[in-house]
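Step one of this worksheet: look at the structure below.
In what follows, every chain begins at residue 1, and chains take the letters A, B, ... in the order their sequences are listed.
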Amino acid sequence: MTKDLELQKYGETRYCSNCFTTIEQCPFAITGISNHQFKKPLRRVGFFRVLIASMIILFSTEFATAQHISDTLKIKTVEVFAKRIVKEEAGKTTTKIDSIAMIKALTSNLSELISQNTPIFIKEYGRGAMATASFRGTAPSHTQVSWNGISLNSPMLGMVDFSTIPVYFTDNVSLLHGSGSISEKSGALGGVVKLDNSANWQNKFSGRLLTGIGSYGTKDEFLQINVGNKKIQSQTRAFFNYSDNDYLFVNKFIADIDPKTGKYIYPTQRNENSQFKNYGLLQEFYFRPDEKNVVILRYWYQHNDRSLPRLLSNETDIKANINRQLENAHRPVAEWKHYGKKGVLNLISGANIQLLNYRLTTKVSGAEDQVVIDSHSQSASYFIKASYNYQISNNLSIIGGANTEFNKVSSHNSPKNGESQGYDQQRQDHSLYLQLSKSFGEKITANLLAREDFIGGNSTPLIPSAGIEYHPFRNTGYFVKGNVARNYHQPTLNDLYYIPGGNPDLKPEEGLMADLGCGYNGVMGTTIFHATLNGYYSRINNWIIWLPTPQGYWEPYNMKRVNASGIEVNTGITGKFHSVDYHFNANYAYTRSINHDDPRNWADESIGKQLPYIPLHSANFLVDLSRSGYHFTWLWTYYSERFTTTSNDKTSKMDVLYPYLMNNLFLGKELQLKRQKIDLELKIFNLFNEEYRTVLQHPMPRRNYSLLIRYDF
Amino acid sequence: MTVNRLNMTLLALLLVIVSGCMKDDEWMSHHQNGSLLPKGLFILNEGNFMYGNASLSFYDPETHKELNDLFYNVNGLPLGDVAQSMIIRNDLGYIVINNSGKIYVINTSDGKYVGKITGLTSPRYMHFLNDEKAYITDLYAGQITIVNPKTYQITGVILTNGHTSTEQMVQWNDYLFVSCWSFDSTILVIDTRTDTIVGEIKTGKQPGGLVLDKNNKIWTLCDGGWAKNGTTTRLPMLQCIDPATRTIVKSFSLTADAKPSRLAINGNRDSLLFINNGIWKFGVDQTTMGDHPFLNVENHLYYSLAIDLQTSELYLSDAIDYLQRGIIYRYSAMGAKIDSFKTGIIPGAFCFKQ
């Protein structure tokens, strides 16, 4: 390791003194870029330990990936912690999900992690079923998900099904809110969810084995093995997850009439045909031939097999309308990082290939099975991305980047007795960007960014973004930041070409976005505290929405405008009270997403109303307490009522979904062996045994349990 | 701020939060006594596919008053997912709920739920042969289901020889003509005495509506399907079939971009009506398709239509953006607006109560 960089030893792992990451994860540690050094030596190692440890587990705001952020400790004898802003990140709102939340959600999918720990609203269609995101009041396709630099959004649908991403397979989850996402990519009108993996260069042999059983025939298996030395590291992960998912519920949406009394008899039903089976493999190789180069190869394969649950009002034949969705995804990525004296070069090449088969089958007595829908779609995106971050001086840097992606979709429905229909389309998109970042003294930093996209060979208007951040007091953690940007989101290939309905004349969605935030990060004794408040306002012109037509199919069209605005609050505290280690984290979001379309006619009551299914208030809360190996975690999630109509009607029970309140409780005991750890955990989901639905007619399970054994070696 | 005080505040906050619970039971508590319904018009609001928010409305043409969410208000149950069609027989209303695979039977005097036919696949329309026998067409089953509407039991099926979708029905003597709509271009002929298919007629693409005119000719409206990869030319058309010879005797093409729907016939059975942006009228003895609609589209998005066979008054629905309560316009036979009122999500089907 480079000697000219000061390193701090903490336990067996060495940490970069400025990044709060392990030294192996800090890209600047190798070259020793100047702002990654101590401003002042630490006075108290004990305090530093607590700080570092807590920072690693806690810091859930204002903290992006190691590549872009460095934090300078300013520790005086009064023990006030201040985070120096990185000029490249000036003005951007970012959130990192803390590692306690990550480990608690290990057996979950990304939808649960996100809905329980961030202000993003997740619309979930049932246990194990599809889950889509609404970030800052926007549509599912406005949340871009990137995994180690490649986009997971389907070029066909534009969105990501968050239920298909296992938390097992990612090490860091961070959010880039609104206009803060433009440095990552264009089109994220809501924001970007960034998933990243990293290696520990000190590792020789380690791993994790997890096995769990749960209610409704649920099994979870996970294995991770890390092998390597200082030059090469291999990380292998595999998971398997199965559930019969056949929970019982009382169906109050249908009733038989008692022939004697005339009273209703509500049937008790099983959640039939809803079993799911998912498995996947993630293999990563990290090479570090010398101190200036890192080469990473990754391959992620996943298989999902499940069905979409039926509605409560369904009384079809039990053998009718059985649907099955099979999905196979292949995601290879190669990455090369070169650390020069004054800059970092990053090259990424990868692909996201998704193969989807949806079948709707009806068994008819005395006849062959009717395959009513047999839809096969293949979407493939190939990426090449290059960027160079050049430090002109200590307080001035420039980042230049160029991306190209090739998207190809083949989507066909070939029902057994019907005519096959579908489309094959492809599109090549390029993007160039340039970012200039400067600090003005120690209090102000600013950056300017311009991005130019070429969609299918046509250049789009320039996407500019500007951000500024101000730290009013020296050596304290107060900050104020702001960011403005323009952004474009292109129609997806389904929007343009889907048969029937695709509309090739759709215009791209154009967003004008502004962000203003303030906050505080601080340390008092052994207590670490942070609080942030962000306000945002986005005007999105030509918002694309699919609506039914008189012909019976759906068609996308451009709404004139949607205004999305809101407030996000995030606060957390970590510390020790007597012998109890505690960690609290809370999020609250106020989201107004208002339809400003032209009225269809005099009777249109949708103008000026909240978009359907977007809650005005959402909040979540995590409490984690531990003492001598025993640990207790409580997760609480809340969404206010959601309208199902554009007119925000409240005349019938079908017009609104009642507020959602969910409590999950986890209890466990960790045993620390020599170099190994065993953790036994009981998870109680839906603690208060609520009967509830998250969308109109999908029943959700009552209280259910899961027992997990985790073995870290 | 001390850590102690902060902890206490947080604990207090937790207690407040825990007290919440969700209100899933509100459905059950909602029962009202139905009032007696006069002569009038039932309107089925389809609701959004997979939302399960279909609803039933009733309109009294005398008093110009409408009752919305009738089924739910009277019965404390949702109607289901995608209400497709309704037919009345002996004071009972049979409501076909397409994506719930069932038919709800209500008392047409007050809207009370009296029974249901369940276990269907994707039912579309119901046709009565007599009080104890009816046919139900299906979008996906590849069969027509025979039911006893008195006992609500399925009594048999007619397999449709590889035609997955069966849609509308019209009877001529003992023969029932059934359109095969989705991805198909066929009209089946069924002998209702033997419940067997005795003939097939090839039509334009996707024949939907079927009506019988005063000349005992059957009309069908073929919506032309949709262009495949932009290569196939669409050919929507109105076709006339002689049920005796089972042949197409007349065809009137519409423009390739036309998306016609909702074929209906007036009380005298001499005029056809359908939606193609505006409302088009076509005399059954006409020899060419006119150039102008009977009612211009103006700023409406007509979704469905119905003719009062007694007054020849016209009811047109506009679903607005399909995600809010739609509106019904009532016109005189001459096309003068009489009334308008809001019902439920996507008003799609009508049924007159005499």
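With chain A as partner, the option from Gly47(B), Pro260(B), Gly101(B) having the largest number of non-hydrogen pairs under 4.5 angstrom is Gly101(B). Of the listed residues (Val114(B), Leu139(B), Asn48(B), Thr118(B)), the greatest number of heavy-atom pairs within a distance under 4.5 Å of chain A belongs to Thr118(B). When each of Glu691(A), Arg310(A), Met662(A) is checked for heavy-atom pairs under 4.5 Å with chain B, Glu691(A) comes out on top. Comparing Arg600(A), Glu315(A), Lys609(A) by how many heavy-atom pairs each has under 4.5 Å with chain B, the most go to Glu315(A).
Contact annotation for Ala319(B): neither backbone nor side-chain heavy atoms come within less than 4.5 Å of a heavy atom of chain A. Neither the backbone nor the side chain of Leu79(B) has a heavy atom closer than 4.5 Å to any heavy atom of chain A. For Tyr638(A), no part lies near chain B; criterion is any non-hydrogen pair under 4.5 Å. For chain B, the nearby part of Asp649(A) is the side chain; its heavy atoms alone come within less than 4.5 Å. With a threshold of 4.5 angstrom between heavy atoms, Tyr104(B) approaches chain A through side-chain atoms but not through N, CA, C or O. Contacts of Asn68(B) with chain A are absent, with no heavy-atom separation under 4.5 Å from either backbone or side chain. Interface remark: Ile254(A) contributes backbone and side-chain atoms alike to the contact with chain B (heavy atom separation under 4.5 Å). Only the side chain of Leu301(B) has a heavy atom closer than 4.5 Å to any heavy atom of chain A. Using a 4.5 Å cut-off between heavy atoms, Pro659(A) touches chain B through its backbone atoms (N, CA, C, O) alone. For Tyr498(A), no part sits under 4.5 Å from any heavy atom of chain B, backbone or side chain. Contacts between Ser340(B) and chain A at a heavy-atom distance below 4.5 Å involve the side chain alone, from C-beta outward.
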What verdict does the side chain to side chain contact (heavy atoms under 4.5 Å, CB included) test give for Ile373(A) and Tyr140(B), after you've listed the backbone C-alpha separation in whole Å, the side-chain angles of each residue and the deciding distance to 0.1 Å?
CA-CA 9 Å; Ile373(A) 298 174; Tyr140(B) 290 148; 4.3 Å; yes
Candidate pair Asp81(B) and Asn314(A), rule side chain to side chain donor-acceptor pair (under 3.5 Å), full reasoning:
CA-CA 8 Å; Asp81(B) 194 35; Asn314(A) 193 314; over 6 Å; no
Check the pair Met50(B) / Val695(A) against side chain to side chain contact (heavy atoms under 4.5 Å, CB included), numbers first and verdict last.
CA-CA 10 Å; Met50(B) 291 303 277; Val695(A) 282; over 6 Å; no
Derivation of the side chain to side chain contact (heavy atoms under 4.5 Å, CB included) call for Asp317(A) and Leu120(B):
CA-CA 5 Å; Asp317(A) 190 293; Leu120(B) 303 164; over 6 Å; no
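A salt bridge links Glu605(A) with Lys342(B): at least one charged nitrogen is closer than 4.0 Å to a carboxylate oxygen. A salt bridge links Lys116(B) to Asp256(A): at least one charged side-chain nitrogen sits closer than 4.0 Å to a carboxylate oxygen.
No side-chain heavy atom of Thr646(A) sits less than 4.5 Å from a side-chain heavy atom of Tyr322(B). Proximity of Ser100(B) to Gln697(A): side-chain heavy atoms (C-beta onward) are nowhere separated by under 4.5 Å. Thr316(A) is not listed as a side-chain neighbour of Lys102(B), based on a closest heavy-atom distance of 4.5 Å or more. A heavy-atom distance below 4.5 Å is found between the side chains of Tyr266(A) and Leu77(B). With contacts defined as side-chain heavy-atom distances shorter than 4.5 Å, the pair Tyr51(B)/Met654(A) does not qualify.
Closest non-hydrogen pair, Asp69(B) versus Ser652(A), comes out as OD2-CB, 3.5 Å. The minimum heavy-atom distance linking Leu547(A) with Asp321(B) is given by the pair CD2-O, 3.4 Å. Taking all atoms of both residues into account, the shortest heavy-atom contact from Ala603(A) to Ile327(B) is CB-CD1, 3.7 Å. Across all their heavy atoms, Thr121(B) and Ala320(A) have their closest contact at OG1-CB, 3.7 Å.
For the side-chain hydrogen bond (donor to acceptor under 3.5 Å, both in side chains) with Gln324(B), the lone residue among Asp655(A), Thr645(A), Asp604(A) that qualifies is Asp604(A).
The number of heavy atoms from other shown groups lying within 6.0 Å of NZ (Lys650(A)) does not exceed 12.
Distance check, rounded to the nearest 0.5 Å: CG of Asn53(B) to OG of Ser313(A) gives 9.5 Å.
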